[in-house]
Amino acid sequence: MKIISLLGATGSIGTQTLDIIREHPDEFQLGAISVGKNIDLARKIIGEFQPELVSVQNPMDYNKLKGEYPHIKFTYGDDGLIETAVYDKADILVNAVLGSVGLHPTLQAIESGKTIAIANKETLVTAGHLVTEAAKRHNVALLPVDSEHSAIFQALQGEKTKNIERLILTASGGSFRDRTRAELADVTVEEALNHPNWSMGAKITIDSATMMNKGLEVIEAHWLFAMPYDKIDVLMHRESIIHSMVEFHDSSIIAQLGTPDMRVPIQFALTYPDRAPLKSSQRLDLAKIGQLHFQDMDLNRFRCLHFAYEAGKAGGTMPTVLNAANETAVAAFLSGKIRFLEIEDLVEKALSKHKTITFPSLQVIQEVDKETRQYVDSLV
Ligand SMILES: NC(=O)c1ccc[n+]([C@@H]2O[C@H](COP(=O)([O-])OP(=O)(O)OC[C@H]3O[C@@H](n4cnc5c(N)ncnc54)[C@H](OP(=O)(O)O)[C@@H]3O)[C@@H](O)[C@H]2O)c1
């Protein structure tokens, strides 16, 4: 029996993690959760899984729930996220919270020796050097949950890093893959949230439409697999059947395939190095699919992908700025304050204004993150 602590239990990855726990009651138990503001769903999760520790975002919700469930320990805010991340009985932390708010809890969980299934890519983008260095120092496994990184991780089982020629991340192209830039000027939030292949949280769905999601994933792959940026390529693949690939020096390519279902990589991170059946997942029928399509990425069309490569190569605090500017701009788009193409304009402005600080500490990263959010907010 593995005991799980889960950050972001009410989100898209969080609820799919609960599906896995529900499907394997003899193997997994939910020990601790954090939620944000969705208290109705938190109540349902508490009722079904009876976790020992629950963290909420706001003190008001904390006071409300504490009265309703006297036998459960509650906590709140950023400290609550940390308390959940280091929950002493947990064998594994699933970090499925949204945004760079996940950084500090991740670092604390590493310090306390937890294995981490990491979905929260913003953490690796904003401070990949701190996270991977701490994981190495404490001999802690960082297991990828993102489908592309799980695919690469699976393709690398039994392989040596020295034999890798390049990593190939596949990209569905998001909601607007068939539109020209001119056609993007007046797209609505609703249209942007209509992803052709995956059902995900709002922020990552917008990131997929701007292609920033793939940019964040390039940086995530750089840190998770210690790969230089010139060995990480992105390939448009409309069907999201090949989740990513690794090419080796001998020209062999190993790919991982499956129907688009996030529960598969989530479960693999939880059962690793073993596998378990996943009855509720649909099996891949290649004969029925018939054809798969591939296309080079156009970095002029998808500017956010270009920015991410540039920020990643610049290193230091530049990816922190990329991420903070993007989080702020996407939130502004989702609340109707800016237009779709203004997301990338704001990210570009924040990046051009910033002078990279090399080898930043956690404190410097937190300061740069805050300053960038304030700057982008002032432009909004
Ligand atoms: N969704 C996917 O298929 C997918 C795939 C690969 C990677 N990821 C990554 O996984 C992470 C989560 O994505 P998602 O799509 O699951 O997001 P989501 O559906 O928006 O869920 C985010 C979760 O984080 C909580 N949260 C947000 N801000 C918080 C804060 N300040 N303090 C405490 N809790 C907070 C939310 O709580 P409330 O809802 O209760 O407010 C919710 O539980 C992201 O880093 C994303 O890039 C997602």
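Values below: every heavy atom of this structure, side chains too, minus hydrogens, waters and symmetry copies. Every number for a ligand or one of its atoms is a count from 1 in the order of the listing.
- Close approach of ligand 1 to Met200 is summarised as follows: ligand atoms under 4.0 Å from at least one heavy atom of the residue are 1 (N), 2 (C), 3 (O).
- Ion pairing between Asp40 and Lys44 fails under the 4.0 Å rule for side-chain N and carboxylate O.
- Here is the list of ligand 1 atoms found below 4.0 Å of a heavy atom in Asn120: 45 (O).
- Ring planes of Trp198 and His243: tilted class, angle from 30 to 60°.
- Of all atoms in ligand 1, listed by their number and element, those nearer than 4.0 Å to a heavy atom of Gly8 are 23 (C), 24 (O), 43 (O).
- Atom 9 (C) of ligand 1 has its nearest heavy-atom neighbour, among Gly102, Ala96, Ala119, Pro105, in Ala119.
- A donor-acceptor pair is defined here as one N or O able to donate and one able to accept, closer than 3.5 Å; such a pair exists between the side chain of Lys214 and the backbone of Thr170.
- Closest to atom 6 (C) of ligand 1 among all protein heavy atoms lies Asp146 OD1, 2.8 Å.
- Using a 4.5 Å cut-off on side-chain heavy atoms (C-beta onward), Leu270 and Lys2 make no contact.
- Between Ser12 and ligand 1, a contact under 3.5 Å exists for at least one N or O pair.
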Output side-chain donor-acceptor pairs under 3.5 Å for residues 283-290, partner residues at least two apart or in another chain, one line each.
residue: Asp285; atom: OD1; partner: Ala287; partner atom: N; Å: 3.3
residue: Asp285; atom: OD1; partner: Lys288; partner atom: N; Å: 3.1

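- At the shortest separation from atom 26 (N) of ligand 1 among protein heavy atoms lies Val97 CG2, 3.8 Å.
- Among all protein heavy atoms, the one lying closest to atom 8 (N) of ligand 1 is Ile204 CD1, 3.6 Å.
- Heavy atoms from other residues, nucleotides or ligands lying under 6.0 Å from OH of Tyr76 number 12 at most.
- Aromatic ring pairs are classed by plane angle as parallel below 30°, tilted from 30° to 60° and perpendicular above 60°; the pair Tyr309 and Tyr229 is perpendicular.
- Nearest protein neighbour of atom 40 (O) of ligand 1, counting heavy atoms only, is Thr10 OG1, 2.7 Å.
- In terms of modelled atom types and a separation under 3.5 Å, the side chain of Ser55 and the main chain of Ser34 share no donor-acceptor contact.
- Near Gly201, with a cut-off below 4.0 Å to any heavy atom, the atoms of ligand 1 are 1 (N), 15 (O), 19 (O).
- Annotation: Val101 places no N or O atom under 3.5 Å from an N or O atom of ligand 1; distance criterion only.
- Under the 3.5 Å distance criterion, the side-chain polar atoms of Glu220 are left unmatched by any main-chain donor or acceptor of His149.
- Listed by number with element, the atoms of ligand 1 under 4.0 angstrom from any heavy atom of Met262 are 3 (O), 5 (C), 6 (C).
- If you number the atoms of ligand 1 from 1 as listed, the ones under 4.0 Å from a heavy atom of Asn38 come out as 38 (P), 40 (O), 41 (O).
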| request: Applying side-chain hydrogen bond (donor to acceptor under 3.5 Å, both in side chains), run through Asp369 and Ser100 and close with a yes or a no. | output: CA-CA 9 Å; Asp369 180 284; Ser100 62; 3.0 Å; yes
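- Among protein heavy atoms, atom 2 (C) of ligand 1 sits closest to Ile13 CD1, 3.5 Å.
- In terms of polar-atom proximity, defined here as any N/O pair under 3.5 Å, Glu122 does make such a contact with ligand 1.
- Of the protein's non-hydrogen atoms, Gly36 N, 3.0 Å is the one closest to atom 37 (O) of ligand 1.
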| said: Applying salt bridge (charged side-chain N to carboxylate O under 4.0 Å, His left out) to Glu48 and Arg22, what does each step give before you reach the verdict? | reply: CA-CA 9 Å; Glu48 181 179 356; Arg22 196 177 284 120; 2.7 Å; yes
Validation: residues 350-360 side-chain donor-acceptor distances under 3.5 Å, sequence neighbours left out:
residue: Ser352; atom: OG; partner: Glu348; partner atom: O; Å: 2.5
residue: His354; atom: NE2; partner: Thr317; partner atom: OG1; Å: 2.7

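- Remark: ligand 1 and Lys37 share an N or O pair separated by less than 3.5 Å (distance only, no angle test).
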| Test side chain to side chain contact (heavy atoms under 4.5 Å, CB included) applied to Leu346 and Thr328, step by step | CA-CA 9 Å; Leu346 290 168; Thr328 315; over 6 Å; no
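- At the shortest separation from atom 22 (C) of ligand 1 among protein heavy atoms lies Leu98 CB, 3.7 Å.
- Taking distance alone, with nitrogen or oxygen atoms compared against 3.5 Å, Ser147 stays at or beyond that limit from ligand 1.
- The shortest N or O to N or O distance between Gly11 and ligand 1 is below 3.5 Å.
- If you check which protein heavy atom lies closest to atom 29 (C) of ligand 1, you get Gln57 OE1, 3.7 Å.
- Close approach of ligand 1 to Lys121 (heavy-atom distance below 4.0 Å) involves ligand atoms 7 (C), 45 (O), 47 (O).
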